[in-house]
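Accompanying notes for the structure given below.
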Amino acid sequence: MATLKDAAILVLNAGSSSVKFALFAAGTLEPLCRGGIEGIGSRARFGGAVGAQAHLFEGNLPEASDHAAATHWLLDRIRRADGIALGAAGHRVVHGGPDFAAPVVIDEAVMTALDALVPLAPAHQPHNLAAIRAVKSAWPDLPQVACFDTAFHRTMPRLAQIFAIPHDLTDQGLVRYGFHGLSYQHIADVLPDIAGERARAKVIVAHLGHGASLCALRDGRSVATTMGFTALDGLMMGMRCGAIDAGLVLHLIEQRGMAPAEVSEILNRRSGLLGVSGISNDVRALVASDDPRAAEALDLFAYRVVREAGSMMAALGGLDAFVFTAGIGERSARIRSAIAEGLAWTGIRLDTARNAANDTRISADDATVPVYVVPADEELPIARAVLSRSPPL
Ligand code: ADP
């Protein structure tokens with residue numbers, strides 16, 4: 001049997017309507033192939049695969065794919081691949097609760113603990129656990145490792161984790177968990193090569209994708225973040241409202257007579273860029289529109305990042321570098337420029353041409369706080385964790 005060093009590591013990242021996968025050579029952590037299925041539940045389609053093994057994924061996805069069918073389709077193709085011997089698998093698991101502060105090798109006891117966390121992330125956790133079970137049934141002896149979106153933030157001081165609610169509720173786990181932890185882990189891993197000594201200092205990372213959050217990093221560790229008990233808190237997002245007055249939620253229920261499910265639909269799916277513009281949740285469509293509501297939605301998005309960045313700076317006691325990542329952060333020069341303008345008082349100043357070109361370093365040479373654009377990668381930190389946690393084969 002292949003040792004883990006000669007084998008491939010399979011990484012699965014099951015979201016609410018997607019399953020992404022990646023295969024890495026365990027010896028070098030070179031990606032062999034990556035791809036994903038999107039639109040599960042509406043119009044599922046394979047978004048394509050890149051890398052040397054991409055040919056494996058030609059062919060048709062089953063019609064009316066649900067998560068189980070999509071995962072089965074992916075695993076079936078990987079199983080039929082010549083020259084790929086899996087040594088271990090790693091999974092993105094959204095919620096690790098208060099106890100999982102690091103990646104963990106999965107066994108029955110771990111699965112029981114993760115099942116108990118489903119109520120904390122009902123739209124995501126069941127898909128993550130189903131992917132683990134699907135891999136288990138395809139390769140019963142394959143070591144599997146769970147990596148948590150929440151784990152990275154367990155280094156936050158207690159005051160950054162608790163809400164000002166009765167302490168018995170805090171003791172029951174109603175705390176700020178924070179999310180996007182795998183994305184922040186990746187930035188913390190690669191930033192020393194990009195920013196040198198500053199990577200260890202006071203850094204704000206803005207993960208701006210469909211979901212959006214900020215993380216304050218000190219010495220590569222999370223000291224504050226904007227998402228909270230759920231991924232609804234903090235920044236304005238594509239369809240989510242971010243932080244709002246809890247009294248507004250009570251008003252919708254008590255005075256307007258809305259059912260909780262209706263309120264949830266408004267706050268999770270009909271707010272954010274989509275709700276404010278009334279047009280789209282996609283920054284590209286809003287930039288292309290001349291509707292004043294589209295401009296207002298983009299302005300509010302940037303304003304909310306600026307306001308929350310101020311809060312992250314207060315938690316850090318200063319700012320030495322700022323990093324943009326994920327779809328909007330990597331590709332929207334307009335949003336980055338609006339955020340930089342709002343933060344000009346901190347010493348941030350962009351170079352217009354570098355910003356337009358999505359360069360790695362987009363700040364002006366004489367700016368006192370450098371600003372970077374770093375591509376998001378949630379799969380590579382999982383592969384790294386698998387390599388360091390798996391028992392030797
Ligand atoms: P996810 O959180 O699902 O991983 P992404 O990180 O891929 O999402 O980010 C998706 C978002 O990126 C979309 O909402 C879209 O608005 C934005 N985006 C993608 N490409 C561009 C672009 N060229 N310009 C501006 N925004 C973009």
If the threshold is 4.0 Å, N to carboxylate O, is there a salt bridge linking Glu38 and Arg45? yes
Taking NZ, NE, NH1 and NH2 as the nitrogens, is one of them in Asp115 or Arg133 under 4.0 Å from a carboxylate oxygen of the other? yes
Just checking, any donor-acceptor pair under 3.5 angstrom between side chains of Asn268 and Arg240? no
May I ask you to test the Leu174-Ile165 pair for a side-chain heavy-atom distance under 4.5 Å? yes
Assess the pair Phe301 and Tyr303: is the distance between their ring centroids shorter than 6.0 Å? no
Would a line drawn from the ring center of His153 to the ring center of Tyr184 be shorter than 6.0 Å? yes
Just checking, is any N or O donor in the side chain of His186 or Glu378 under 3.5 Å from an acceptor N or O on the other one? no
Do you see a donor-acceptor pair shorter than 3.5 Å between the side chains of Asp189 and Gln185? yes
Measure the shortest side-chain to side-chain distance between Leu235 and Leu214 over non-hydrogen atoms and say whether it is less than 4.5 angstrom. yes
For the side chain of Arg154 and the backbone of Gly97, is there at least one donor-acceptor N/O pair under 3.5 Å apart? no
Worked check of ring pair (Phe, Tyr, Trp, His ring centres under 6.0 Å) between Phe179 and His95: CA-CA 8 Å; Phe179 297 88; His95 225 298; 5.5 Å; yes
Transitive ILVMFWY side-chain link Ile253 to Ile244, under 4.5 Å: yes
Any donor-acceptor N or O pair under 3.5 Å, side chains Asn13, Glu379: yes
Inter-residue atom distance Ser17.OG - Ile37.CD1, 0.5 Å rounding: 11.5 Å
Evaluate the side-chain proximity of Phe21 to Thr71: yes if any heavy-atom separation is below 4.5 Å, no if none is. no
Can you find a heavy atom in the side chain of Met236 that is under 4.5 Å from one in the side chain of Val276? yes
Taking the side chain as every heavy atom from C-beta outward, state whether Leu286 and Ser280 have any pair of such atoms under 4.5 Å apart. yes
Checking Arg198 against Asp219 for the salt bridge (charged side-chain N to carboxylate O under 4.0 Å, His left out) test, could you report, in this order, the C-alpha distance in whole Å, the side-chain angles of both residues, the deciding distance, and whether it holds? CA-CA 9 Å; Arg198 279 183 189 259; Asp219 202 15; over 6 Å; no
Between Asp282 and Arg284, does at least one N-O distance fall below 4.0 Å, as a salt bridge requires? yes
Evaluate side chain to side chain contact (heavy atoms under 4.5 Å, CB included) for Phe324 paired with Val371, printing each intermediate quantity in order. CA-CA 8 Å; Phe324 286 102; Val371 181; 3.6 Å; yes
Examine the side chains of His207 and Ser183 and answer whether a donor and an acceptor come within less than 3.5 Å of each other. yes
Looking at Asp366 and Arg349, is there a salt bridge between them, counting it only when a charged N and a carboxylate O are closer than 4.0 Å? yes
Do Ile362 and Val374 belong together in a cluster built from hydrophobic side chains that touch within less than 4.5 Å? no
Residues two or more places apart in sequence or in another chain: which of them pass salt bridge (charged side-chain N to carboxylate O under 4.0 Å, His left out) with Asp365? Arg354
Is the shortest side-chain heavy-atom distance between Ile106 and Lys136 below 4.5 Å? no
For the atom pair CD1 (Ile266) and SG (Cys241), what is the distance rounded to the nearest 0.5 Å? 10.0 Å
Side chain to side chain contact (heavy atoms under 4.5 Å, CB included) evaluation trace for Met156 with Ser222: CA-CA 6 Å; Met156 295 192 300; Ser222 172; 3.4 Å; yes
So if you build clusters from Ile, Leu, Val, Met, Phe, Trp, Tyr with side-chain heavy-atom gaps below 4.5 Å, do Leu86 and Val135 land together? yes
Do Ser213 and His180 have a side chain donor and acceptor closer than 3.5 Å? yes
Treating Arg336 as the side-chain partner and Asn355 as the backbone partner, does any N or O pair qualify as donor plus acceptor under 3.5 Å? yes
Closest non-hydrogen atom pair between Ala294 and Ser277, with its separation: CA-CB, 4.0 Å
So do Thr230 and Leu120 actually touch side chain to side chain, heavy atoms under 4.5 Å? no
Does Arg176 pair with Asp233 as a salt bridge, N-O distance under 4.0 Å? yes
Counting distance only, does the side-chain N/O of Ser363 pair as donor-acceptor with the main-chain N or O of Leu350 below 3.5 Å? no
